[in-house]
Amino acid sequence: MKNLSSIFYGGDYNPDQWPDEIYQEDMRLFKLAGINIITIPVFSWALLQPSEDEYKFEWLDKILDLAWENGISVCLATSTAAQPSWMSKKYPEMLPVDFYGRRRKHGGRVNFCPNNEKYHEFSTKLTGLMAERYKNHPAIALWHIGNEYGNYCYCDKCEEEFRNWAKKRYGTIENLNKKWYLNFWGHTIYDWDEIVIPSGLSEVWMDGWTAKTNFQSIAIDYNRFMSESVFNCYKAEYDIIKNITPEIPITTNLMGTFKPLDYFKWAEYMDIISWDNYPSLTDPMFKTAMRHDLMRGLKDGKPFLLMEQTPSQQNWQPYNSVKRPGVLRLQSYQTLAHGADAIMFFQLRQSIGACEKYHGAVISHAGHENTRVFKELTQIGDELKALGDKTIDSRMQAKVAIVFDWENWWAVEFSSGPSKDLNYVEQVEKYYEAFYNMNIAVDMVKPEADLSQYKIVVAPVLYMLRPGVAKNFESYVENGGTFVTTFFSGYVDETDIVKVGGYPGELRKLLGLWVEEIDAIFPDMSNSIVMKETVGKLEKEYISKMLCDILNVETAKVLAVYGKDFYAGKPALTVNNFGKGKAYYIATDPEQSFIAGLMEVLCEDNSITAPFQAKAGVEIAQRFKDDKEITFIMNYNDEDVVINLKDENYIDLIKNKGKKGEILIKSKDVLVLERKI
Amino acid sequence: MKNLSSIFYGGDYNPDQWPDEIYQEDMRLFKLAGINIITIPVFSWALLQPSEDEYKFEWLDKILDLAWENGISVCLATSTAAQPSWMSKKYPEMLPVDFYGRRRKHGGRVNFCPNNEKYHEFSTKLTGLMAERYKNHPAIALWHIGNEYGNYCYCDKCEEEFRNWAKKRYGTIENLNKKWYLNFWGHTIYDWDEIVIPSGLSEVWMDGWTAKTNFQSIAIDYNRFMSESVFNCYKAEYDIIKNITPEIPITTNLMGTFKPLDYFKWAEYMDIISWDNYPSLTDPMFKTAMRHDLMRGLKDGKPFLLMEQTPSQQNWQPYNSVKRPGVLRLQSYQTLAHGADAIMFFQLRQSIGACEKYHGAVISHAGHENTRVFKELTQIGDELKALGDKTIDSRMQAKVAIVFDWENWWAVEFSSGPSKDLNYVEQVEKYYEAFYNMNIAVDMVKPEADLSQYKIVVAPVLYMLRPGVAKNFESYVENGGTFVTTFFSGYVDETDIVKVGGYPGELRKLLGLWVEEIDAIFPDMSNSIVMKETVGKLEKEYISKMLCDILNVETAKVLAVYGKDFYAGKPALTVNNFGKGKAYYIATDPEQSFIAGLMEVLCEDNSITAPFQAKAGVEIAQRFKDDKEITFIMNYNDEDVVINLKDENYIDLIKNKGKKGEILIKSKDVLVLERKI
Amino acid sequence: MKNLSSIFYGGDYNPDQWPDEIYQEDMRLFKLAGINIITIPVFSWALLQPSEDEYKFEWLDKILDLAWENGISVCLATSTAAQPSWMSKKYPEMLPVDFYGRRRKHGGRVNFCPNNEKYHEFSTKLTGLMAERYKNHPAIALWHIGNEYGNYCYCDKCEEEFRNWAKKRYGTIENLNKKWYLNFWGHTIYDWDEIVIPSGLSEVWMDGWTAKTNFQSIAIDYNRFMSESVFNCYKAEYDIIKNITPEIPITTNLMGTFKPLDYFKWAEYMDIISWDNYPSLTDPMFKTAMRHDLMRGLKDGKPFLLMEQTPSQQNWQPYNSVKRPGVLRLQSYQTLAHGADAIMFFQLRQSIGACEKYHGAVISHAGHENTRVFKELTQIGDELKALGDKTIDSRMQAKVAIVFDWENWWAVEFSSGPSKDLNYVEQVEKYYEAFYNMNIAVDMVKPEADLSQYKIVVAPVLYMLRPGVAKNFESYVENGGTFVTTFFSGYVDETDIVKVGGYPGELRKLLGLWVEEIDAIFPDMSNSIVMKETVGKLEKEYISKMLCDILNVETAKVLAVYGKDFYAGKPALTVNNFGKGKAYYIATDPEQSFIAGLMEVLCEDNSITAPFQAKAGVEIAQRFKDDKEITFIMNYNDEDVVINLKDENYIDLIKNKGKKGEILIKSKDVLVLERKI
C-alpha cells in the first residue's frame, strides 16, 4: 500500500463479545504490543441490523472513535459473512442447499446461497450505509468485505442461474451438447432446462475427500459458475463501496491454495490482496512460502496483506500445537520477505465461548501481558516500528515462474483416471520446493501471464490448456526462455475435451514429442529414471512413481530413460530446442532429488543464483524498492549459522547498524539487511 | 434389593417368538440351570396392542402363571421400547428425525421421537393397563421400563420443545445470547423461535465418530435437553406404575459409559439401577469393573442388577468370540463383587431369526442341555443358590473416589481444540486402572457428591465446573482430603464459557498455580516427566503425550518437570498444601506407570491397602453387610495362584467350609469368603 | 453360438460422439485389426427419441449399412440403459430414490426406478420399433438389451410393489410374520401396508462397504425383489424382441461376481450369456478364470461372450495401469479357454469427453494404427481368423464343481455375527484357486444343479440351504460323490431362519457331526490345524484364522484337530462315509496350503489330473467339440517354459502346424492345440 508509514500490525477485534469496561484495557495492551490496526466488525450483522428496517451503528461509532483516539487505524469489515438469524428465518431460501440436496438450517457462517437476491439486497444495503456513515472517519484505512468466502450451493435458484450462465457461455443447445460431450451416455439435451446441476444427487460423488464425476465438463463449469457466483457477492459490495470511498483500498481475506475459488479471477477486483495463513507445527516452511508467492502473484507481484495468522495456537486442526519460541517472529518475517505489508492476527482478544475460544490471541484468557506469547508479540511490534516504511511497497524480482491454475486444478482432480493419487498442488509444490531450497525467488503466475521477464518457467501437470496458452509458452521459448512441463499436460481444452492426435496436444510441437501411453503404477511400485549422460549433478538413477508416460520423441533429445518395466529405455526426460530457448519434458513423477538436481542445472544454465550461500534451514529472500535491496534472512535451524556478506555494506534495519563480512545469525533469529544498489 | 432371598439369576425370555409347545421344555431347562427370574415381555407391544383400541394380555397371563407355577419370578417389562408398526403408520410424527434431518421410517427399536405426545399417550396407557392387570400377580418381582433408551431426535417438535426448554432455563433472550455466546459469528438472536437445533444441518458435524460443533454451549444444552426428553418417557411410565404398585421396584436397563444420557440424573428416578454388560474378548477386566462401579455409584453405592450379559457370544461386535471356559463365571462373580444382586442374561432361549440369532443364550440353537455353556450356567446357578442371601444388599466401602461427569464428557469432546485425541473416558480409565491393579476399591461419583468419606478423590480432565463444584473440592481438601486433577480441568462453567484469569479457573487457588499455555503434540511425538525428587517409587523419567500444560506455580510445590522441548524444566507435576489436605496437579498425559506410581504413593500416604497381597490378574473386592465382610477373589490368570489369608478364619461361601492360611486358587477359579468383623 | 463362422471380435462403437467424416476411417482401422462385430447404439436413446412422439433412426440406419458394407456384423443394443433427459424431466418418478431416501436427479446411467411404469412403456416401445425396423437387416447378429443393469431403488412405488411381492410369496400376514420373524423386537404386523422397505431409513445401515440389517429375512427378500424388478426391465424388452426376431440371440452384459443381481435367475431368460471383464494389474489370473467359469456356469456350460474388456487401460480403477505387452492376448485366450466365443472391447474409438475418455480403446486418442496396443490387437485379430470356427460352441468337461449362490452370498454378508471379516466370494475363491493351480477344470454351479457328472463338489460357506439342496447333496454323495463343505454352512433356510438342533442343520446327517459353538477370533489371532495322520501331502500343522467351529462328531472320522486354545484337540477336519461317497467338513478358515493340499488329495482319490504337467504360472484349459479336444496353454511367466506333449499328435491351431514331444512356450505366449480323441 503506497502511502503506508509503517507495516500494518494488528488483527481481528471482537468488542461485540465483551462489556464496555474492557475496551480501555484492550487499547492499553494494543499499544503495548505495538498494534496499529484493528479489523472490525467481521461478524456483527445481527447487531448492526436487529431487524429488517432497523440499523444500529452507535456501538461501532464508539469503537472506531476509541481506536482513532488511541492512534489505531481500522480495517473496516462489512460484516456480511453471516446474515442475522431473523433474516434466515424470514427468507429461508437464503440458506444454501448442500451437495446432497439438503437445505441447510441457519448456523455456522458463510452459510448463504450466493445467488439469493435477498442476500444481495441486504448485504449491499448494509455496506452502503456503512460506507456513507464512515466515509470520512479518519481511522478507516482499509475495507474488508465478507470473510473467507467459499460457499457453494446446490439449490433450485442456483440451478436456474447455472442454466442462464451456460446459455450465455455456449449460445446454442447444439454447442452445449458438443462442449459438454453430452452424447456420451445419452445425455443429449434439447432444452436449457434439461440442464441438471452436478451434485451428489446427479453426476458427482466423493472419493474420500476428492469429488469425482461422470461429466468433467459440467463439473468444471459448475466450479466456474460457483466461483463467479460467490465473487458476485463480493463484487456487489465492492462496487457500492468504491463509489462512496474511491480512495480507500478494498480487500477480502483469501485462503491460499483454496480450491473452490479461482482467485486469479477475483484478484482483478481486489485493490489489494489479503490472506489468512494457518500452518501447522509440522508443515514445512516452503509450503507457506509458496502460498505467499501465490497470493502475491494474484496481482502480479504487488504487496499483499497477511490478514490473519495465529499468535500461537489454532483450534480447528487435529493437533493444535503452540508456536515454539521465535517461530511466530520467523513466520512474520517470512511473510514480509515474500511481499507482505501487513502482519495481522486472528484474534486480538481471545473469545471465551464457542468454537474459536481455544484459538490463540494477542490478549489470552489469562487477560494480561505477562505471557511468553505477548512478549514475542511486543518484540515483533517494536521491530516493525523500527522498520518503518522501508520495506513497504517494495517488490520481489523473480527470474523463475511457476504456473498455477485453478481451472486446471479442478480438471486434474475431477479426472477419472489415470491415478487417484495425482494431486495438483503437491506436484506444483515439488518444483517450488526445489527453488526454495536454493533460495531462488519464484513468482507464481497464471498460464496467460506475460512471461518475458522470466528465464525459467515451470508448468507442472498443466493438463488443461485454455486458448492461447500454448502460444504463450511457444513465444516465450522462441525468445530464449527455458520451459519445463511434465506428464499429464496439454491433454484437454478449456471444456475438458481431449485434443486428439497425441498428447500433449498443443504442446507437442514445443516439446518435440508425442505421448502414446500413460502408465499408472501402484503406490508400492516404482520405476526409475536413468540418465543417458550426466546433466549437472544428475547422474545415474532416480526413483519415479505414480505415472509414467510412454512417449515417442520427434525433435526432442532424450536426456534420461526409464530403468524398468517393459518401457525400460524409453524416454523419461527430454529437452527440445525451440527458437532461442529450450523446452524440457519430465515424463514421470520423480523423487525430489531429481527435481532439485534438474532445477539446479537450469538455474546454472540461466545464471540464476541465490543472494548468499547458506546452509539448509536458512531462508533468504529479497525485496527491492527504488535503489534499495532489502534482504530477509530467517534461520529456522536449532543451531546458529554464519553467512558471509562479503565486502558489501549492509544496514541491519531492525537494529539500525552496519553489517559486513561474516555474520552470525542465531538459531531462530532473523535479519533484515538493506543495501544500496 | 432388601428382601431378596437369593441372587436373581435369569434373563430376557421371548416365548412370543415360539410356539406354546416349547414352554414346558423351557421351564425344565430353566430349573436345571437354577434360573429364578425371567424378564418378559420386552418387545411385545404389537402383540399386546394389535390396534388402537384393542389389547391382548391373555398369552402373557399364561406365561406369568407358568413361571410362577415353576417357582420363577418375573421382571415385568413394559414393552414400550418398540411401538407397533400400525402406530408408526397412523402417527408418522412418532418416528424420529435423524441428525441429518431425515425422518426415519418404522424399523429397529427405540425408534420414536421422545417428545411425541402420541408416544407418551400410548406408552403410559399400556403401562397403566399392565400395572392394573398384574399388580397382584405373585410372580412380579420387578418392573423393567422400556429398553436401552438412547433415542435422540431432531424433528420440528423437538425444536419447538428445545426452545421452550431454553426459555425456561435462561429466562430472557439477552441472557441466552450471553450464555450461548451468540454474538460470536453474528449469531445474536432477537426471538426465541430463532433458536435452531444443533444438527448436521446447522452447527454440528461428525469428525469420525465424534460430533464437533461451532457452538459448544448449544450442543451441550441439546444433549441435556435430549437426555431429559428421553428420561421423561421413562418417568411418565414410572409415575403411572409407582402409583399402582408402590412396593415393586422399578428400573430400566442402562448401558454403562453410554454418552447420550446423563445417568446421574436418571438415577434419581430409578428404584434400583440395572445395566447391560457386553465386554469383548480383548477388553481388560478393569474396564468392566469401572463400569460396574459407575453404575453402582449412580445411587451412592446401593446394589444394582446386572440385567443383561451374554452366556457366551455376542452378535453385533466385529469379532464375536465365545467366552472361554470359566470366563462367564469369573465375570459373574466380578459383577457380584462390585455390588450386584442379580446376574441376568440376554437371552434365555436363542432366537432363530433376525439380527440377534447369533447372540448367545442359555438355551442354544442345539436346543438341549448338553453343551459346554449350559454346564457352566448350571454351575453358576448352583453356586448362587449356595450363596443364598448372604451377599444381598451388602455394600462396598471405598476410600477412593473418581469423579465422573456426563456433562463434562460432552463438553470435553465437543471442544474445538486443543487435541482431537482427547477422550474423556480413556482418561478416567487410566486412573481407575491404577487403583484396580492394586485391588483398592473405588467409588465413581459425580462432582457434587459428598466427598467426606474419601481419603483420595481424583477428577481427571474435569474441564467443566458447575457452580459449587470447586467449593466442594476445596472443602474436601481443607478438611484433609487428597485431591488429584489434571490438565484441561477447570476451564469453563456449565455453559462452556471460559473462566478468564488463567486456567484452571476456580481451581486455581486450590491447586496453587495457573496454566499459561496448553501444547498439543502430535501422536508420533512425546515429552517426558522428570522427577525432581523421588516420590514413592516414582523416580527418573516417564513418557508423556498428547497435551502438555505450560504452567506457573503460585503456592504449589513442583514435584516433577518436563524433560523436553522449549518448556523443559517447567512443572509437570505439582502438589499444593491446602488446609489440612493436598491438591495434586498432573499437567500432561503420562504413561500408565507414572499414574500407577503416583496413585500408589497417595494410597500409602493415606494408609489405604488392598485386602490381600496378590499377583497380577487376581482381582479382590469386598462387600460388607452388618458384621460381615465378604471377599470375592477372581483369578483371571492361566495359572493357579496362592493367597495367604493369614490367621483369619474365613468361610468359603460357595463350598460352605472354613479357610485360613495359604490357599490355592486355581486358574480361572473364584472364591467368596465371609468373615466376621 | 452355433452357427458362428468365426469368433466375434469387436466391441462398443460410439459414432454418435463423432462427426460423419470419421466413419470411413473407423471402418478401415476395424478391418485392419480384424474386427468383425460392432455393438451399437448402447447409449443413444436421447438421439433415437428426441421427444415423446418423435423417433429418429436414420443416422443408425447409416451406420448399420456401413458396417454391413464393410463385412462387419452388428450387436444391436436397445439403448435403454439411460433414458433421455426430457423423459426424466417430464416423469420425475422415473428417477430412483436412493438407500437414504433421496430422489436422484437425472444423470449417470442405469438411473431409473425399475418398477416405474413409464420406463417400461417407453423402453419396450423403443425396443419394439427397433426390432421391427431392423428385423431383416443382414448385419444384425445379436441383441444387447440395456447395459450393466444393477439399479436398486427405494421409492414409494417400489415399496408398494414389494408389498405385493411379499403378499404373493407368503400368502398370509400370519405366515409373513413367521417367515420374517417379525415378533422379534415387536415388529409384528397386521396389514400388508405396514411392510416397510429395508433401507438406510429403516432396518439397514452400512458397515464400511457392507450393508448390515436388523432383519436379514426382509433384506434378503428385498434383494430378491430388486433382482427380479430389474430383471423384469430386461425381460419386458426380451419378450418384445423374441416375438419379432425369434432367431436372433438376445443377451445383456453381466458383470461377473456382481452382488446385487442373482444371475442364475437371469440366465434362464438369456439366449447367451455375455459379460464384462475388468481385472486390474494386480488381480491374480485365477480370479478372472473363476468369473469366466461362473458366467459359463450360468447356462450349464454353454459358451458365452466376452462383451467388454479394455484393450489396455481402465479409467475408474484407483490405479489404471496399461496392460503389459502380451497381457491382452493372454487374457483373451484365457477367456476363450474358459468357454467364450467372443472377444469384445469397450471401446472401439476412444471418447474425447466425459468420464471414460481415459478408458483404453482400439483406436486411441492418437487416432492411428501406429501404437503398441493397436499392433497387439491386430495380432489377436489375425489369430482369431486363423482359429475360424474350430473352438466355437465347444464345451469344457469338468469333474469338479464349486457351488456358488447369490442368495447365500446376501445372507452370509447380511449376518450379524459371528465375524465381520467373513466374505463369501473370498471363501469360494480359495477353493477355486486350489484347483486352478493344478490346472483342473471347475464348473461353478448353483446348489440345485445336477451334480451327477462331478466327482468332487465343494460348497464353501453354504450358510443358506434352500429346500431340496441338502437332499441334492446327499443323493450325490450316496452315489459315490466326494463332497466338501465348511464352517458356517447349513445354518438357515431360505428365509434365514435357523434350523435348530445343531448346525449344520440339514447337512448334519451327511457330515456326521454337529457344531456346538463357532468361535470368532480377532484378525491378529490364529489357531492351527494339526493333522492326526498324514493325508496326501498334508502333515503336521497349518495356520487357521477368523472362525473356528467347536464341533462334536457323530459318525464322522476326525482327520485333524485344533492345535490351540481351549478347543485344542477338538476336530478341525472330518470326513464322513455316506453311501458310496465321502463328505468332508473343514471347520475353520485355513491357510491356502492346507486347502491346496486337501484338494490335491481329493483329486488323486478321484483320479482327476491336469492335461499336462506344468510349472506355476502356466494355465492349461481344454474345450471339447465333437471328436476334438482343444487345449489352451497360456504362459503368464516372465520366463519361457517347456511342456512335454508326449507322443500325441497335436495341431497348433494358430500356426496351423503339427506339434509333439517337448515344446517351448515363450514368456507371455499362448498355444492352442487340437487333438483328435
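What you see is a predicted model; the values in this text were computed from it and never measured. First the proteins, then the strands, lettered A, B, ... as listed; each starts at 1.
When ring centroids are compared, B:Tyr100 and A:Tyr100 stay outside the 6.0 Å threshold.
Only the side chain of B:Met525 comes within contact range of chain A, with heavy atoms under 4.5 Å apart. Within the 4.5 angstrom heavy-atom criterion, no atom of B:Val515 approaches chain A. For a residue to count as touching a neighbouring chain, one of its non-hydrogen atoms must lie under 4.5 Å from one of that chain's; by this rule B:Thr213 touches chain A with the backbone only. For B:Asp565, the part lying near chain A is the side chain, with the backbone staying farther off; criterion is any non-hydrogen pair under 4.5 Å. Contacts of A:Ser51 with chain B are absent, with no heavy-atom separation under 4.5 Å from either backbone or side chain. Of the two parts of B:Ser217, neither the backbone nor the side chain holds a non-hydrogen atom closer than 4.5 Å to a non-hydrogen atom of chain A. Interface residue A:Ser280: only side-chain heavy atoms are found under 4.5 Å from chain B. Using a 4.5 Å cut-off between heavy atoms, B:Ile195 does not touch chain A at all.
Relative orientation of the A:Tyr358 and B:Tyr463 rings is perpendicular, given thresholds of 30° and 60° on the angle between their planes. In this structure, A:His368 and B:Trp514 have perpendicular ring planes: the angle between them is above 60°, well past the 30° mark.
Remark: side-chain polar atoms of A:Arg104 are paired, donor with acceptor, to backbone N or O of B:Gly200 under 3.5 angstrom. A:Asn315 places no side-chain N or O within donor-acceptor distance of the main-chain N or O of B:Gly417, the cut-off being under 3.5 Å. Side chain of B:Asn183 to main chain of A:Asp16: a donor-acceptor pair is present (N/O by atom type, distance under 3.5 Å, no hydrogens or angles).
When the candidates A:Val42, A:Asn111, A:Thr371, A:Asn147 are compared by the number of heavy-atom contacts under 4.5 Å with chain B, A:Thr371 comes out ahead. Among A:Gly360, A:Ser351, A:Ser44, the residue making the largest number of heavy-atom pairs under 4.5 Å with chain B is A:Ser351. Chosen from A:Trp45, A:Trp316, A:Trp86, the residue pairing most often with chain B at heavy-atom distances under 4.5 Å is A:Trp86. Contacts with chain B were tallied for A:Glu356, A:Arg103, A:Gln313, A:Gln350; A:Glu356 has the most, counting heavy-atom pairs under 4.5 Å. Among A:Pro325, A:Gly367, A:Pro84, A:Ser364, the residue with the largest count of heavy-atom pairs under 4.5 Å with chain B is A:Pro325.
Between A:Leu47 and B:Tyr190, the shortest heavy-atom contact is CA-OH, 3.7 Å. Considering every non-hydrogen atom in both A:Ala46 and B:Gly186, the closest pair reads CB-O, 3.6 Å. Contact record, B:Tyr181 with A:Ile352: OH-N, 3.1 Å, taken as the closest heavy-atom pair.
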Checklist entry - Taking it one step at a time, do A:His365 and B:Lys499 satisfy side chain to side chain contact (heavy atoms under 4.5 Å, CB included)? => result CA-CA 8 Å; A:His365 285 155; B:Lys499 176 76 183 171; over 6 Å; no
Next on the checklist: As a quick check of understanding, evaluate side chain to side chain contact (heavy atoms under 4.5 Å, CB included) for B:Phe414 and A:Cys355, giving each step before the final call.
Outcome noted: CA-CA 9 Å; B:Phe414 274 134; A:Cys355 65; over 6 Å; no
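Taking 4.5 Å as the limit, some side-chain heavy atom of A:Arg324 sits within range of a side-chain heavy atom of B:Tyr567. With a 4.5 Å cut-off on side-chain heavy atoms, B:Pro418 and A:Tyr319 do not count as touching. Considering only heavy atoms from C-beta on, B:His187 stays 4.5 Å or farther from A:Ser85 through its side chain. Contact of the A:Asn370 side chain with the B:Glu516 side chain is not registered, since no non-hydrogen atoms from C-beta on lie closer than 4.5 Å. For the pair B:Phe566 and A:Val322, the minimum side-chain heavy-atom distance is below 4.5 Å. At a threshold of 4.5 Å between non-hydrogen side-chain atoms, the residues A:His106 and B:Ser202 do not count as touching. Residues A:Lys89 and B:Asp191 form a side-chain contact, since some pair of their non-hydrogen atoms from C-beta on lies under 4.5 Å apart.
Residue-environment remark: CG (A:Asp20) exceeds the threshold of 12 foreign heavy atoms within 6.0 Å. Around atom NZ of A:Lys118, more than 12 heavy atoms belonging to other residues, nucleotides or ligands sit under 6.0 Å away. By the 6.0 Å contact criterion, CD on B:Glu554 is enclosed, its count of non-hydrogen atoms from other residues, nucleotides or ligands being greater than 12. A 6.0 Å sphere centred on CD of B:Glu93 holds no more than 12 heavy atoms belonging to other residues, nucleotides or ligands. For NZ of B:Lys157, the number of neighbouring non-hydrogen atoms (other residues, nucleotides, ligands) closer than 6.0 Å is greater than 12.
Between A:Arg372 and B:Glu517, at least one side-chain N (NZ, or NE/NH1/NH2) sits under 4.0 Å from a carboxylate O, which counts as a salt bridge. Salt bridge A:Lys105/B:Glu159: present, at least one basic N to carboxylate O contact under 4.0 Å.
Taken to the nearest 0.5 Å, the CZ atom of A:Arg109 stands 7.0 Å off from the CZ atom of B:Phe184. Expressed to the nearest 0.5 Å, how far CD1 of B:Ile518 lies from CG of A:Asn320 amounts to 10.5 Å.
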